Amino acid sequence: MSPAAQVVIESLTKKYGPLRAVDALSFNIASGEWVALMGPSGSGKTTLINILGGLDSLTSGMVIVDGVDLAKLSEGELVRYRAEKIGFVFQQFHLVPYLTALENVMLAQYFHSVTDERQASEALNRVGLGDRLTHLPAQLSGGEQQRVAIARALINQPKLILADEPTGNLDEVNEAIVLQIFRELHNSGHTILMVTHDPDIARQADRRIELAHGHLQFDTALHGPGHPLACPLVNTADCCTSNISTDDETRFDHLLEQIWICGEEGKPAHIEILHVTGPAGHLPILPDEPAARALSRMSELQLVELQNGEVQLTPGGSRRARDVVRRHRLAERLFKDTFAIEDSEARNQACKFEHIISPELDQRICSFLGHPKTCPHGNPIPPGDCCNGKSKA
Ligand code: ADP
Ligand code: MG
């Protein structure tokens, strides 16, 4: 066992009658690690979370959390274990409907130790609900209820946070707020195991683990951080030969750009006309890779759909393609207009720049340039959030 492992899972099996909900599962979680737990419905994610949280017993194997062997705890000791070590965040918020936000958090304090109104209101403040203390759950939006549930789960500063699809019922805005809370928890050293179906959320974690039929299908700790989700190459010689993350993302962006441009030109994006490395000299850092292989990984990531040799962007792929194209064309404008760099060099630089511009910088450049509508070659620059009603003709 590595000394930093906070959670050790060894040959864990949970049977419901003949069904093995978790089947000979083994992995460790390091202290402070943020792990995204993925896998299809019924693959055993909730069962695993419940066992780790002391809500369910194991059939065989071993689970050790903070040096404590869960199988050896009595009912009473499990209650204490849950109260002292674990913070649960569920998809359903499980708030007591007739208690206010503040009272819901104080109820959790009551179970842990003693109630402390100031501490409870500070906890609600931290999740941005300082002005909602006396609201009943029914008077709060779904996102606000989830934040009360998070404040409640965190009231005892649990070292291990178990979250079962915490953003599953939330709209985009609240999802972003809740994820920001998790990022802060991660930064302050909490260990997080979070069930999610969303690859974008999973990518924010340090590590992704995927279950299938109760066993470990895939673990980025074994396969490398840049490894695509559900990689079809897992366990083949082509898989995980190096840390491929940055190069991969660059390749994907590059292909997405080409598919987007095909769309602008109104022609189908056939696999044969797409290239991974670009025209000579454009992306010299990238070794050759057949476009078809990169595209099949992009289809696993739900960026594109492949049909009869033709590639189409998914809504997510389309958003990302649009953003890359925008960054590229903005960068070209910047280099050409502001730095008076000649055309081919501007294009060259833009190819590199498009991968490193953050959303904030994107908006600053766009505003600085007066929200231009086209690149120096007359191609449209997709508008950004900053462009509302401000575009230069
Ligand atoms: P997931 O959270 O990945 O969707 P679960 O852990 O909820 O999966 O379930 C794993 C498997 O165990 C499923 O086949 C499910 O039907 C079964 N299962 C879960 N809980 C029980 C239970 N209390 N009794 C019987 N079967 C269960
Ligand atoms: Mg589940």
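Because the structure is a prediction, the values reported are computed rather than measured. Ligands are counted one by one from 1 in listed order, and the atoms in each one are counted from 1 as well.
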Tell me if a side-chain donor or acceptor on Glu175 pairs with a main-chain N or O of Glu172 at a distance below 3.5 Å.
no

Within the side chain of Arg203, is there an N or O that forms a donor-acceptor pair under 3.5 Å with the backbone of Arg208?
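Not confirmed, Arg203 side chain does not pair with Arg208 backbone.
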
Suppose we screen for side-chain hydrogen bond (donor to acceptor under 3.5 Å, both in side chains). Which residues come up paired with Asp69, at least two apart in sequence or across chains?
Lys72

Would you please name every residue forming a side-chain hydrogen bond (donor to acceptor under 3.5 Å, both in side chains) with Glu332, sequence neighbours left out?
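In terms of side-chain hydrogen bond (donor to acceptor under 3.5 Å, both in side chains), with neighbours along the sequence ignored, Glu332 is linked to His328, His377.
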
Using a strict threshold of under 4.0 Å (side-chain N to carboxylate O), is an ion pair present between Arg329 and Glu264?
yes

Ion pair Asp164/Lys45, N-O distance below 4.0 Å
no

Which parts of the protein, at residue level, reach under 4.0 Å of ligand 1 through a heavy atom?
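Residues Tyr16, Leu19, Ala21, Pro40, Ser41, Gly42, Ser43, Gly44, Lys45, Thr46, Thr47 each place a heavy atom under 4.0 Å from ligand 1, listed by chain and number.
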
Do other residues, nucleotides or ligands put more than 12 heavy atoms under 6.0 Å from the CZ atom of Phe368?
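Count not over threshold, so no.
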
More than 12 foreign heavy atoms under 6.0 Å from CG of Asn308: is that the case here?
no

Going by the angle between their ring planes, with limits at 30° and 60°, are Phe90 and Phe88 parallel, tilted or perpendicular?
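Answer is parallel, since the angle falls under 30°.
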
Show all protein N/O/S atoms under 2.8 Å from the Mg ion (ligand 2), or state that there are none.
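You should have found Thr46 OG1.
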
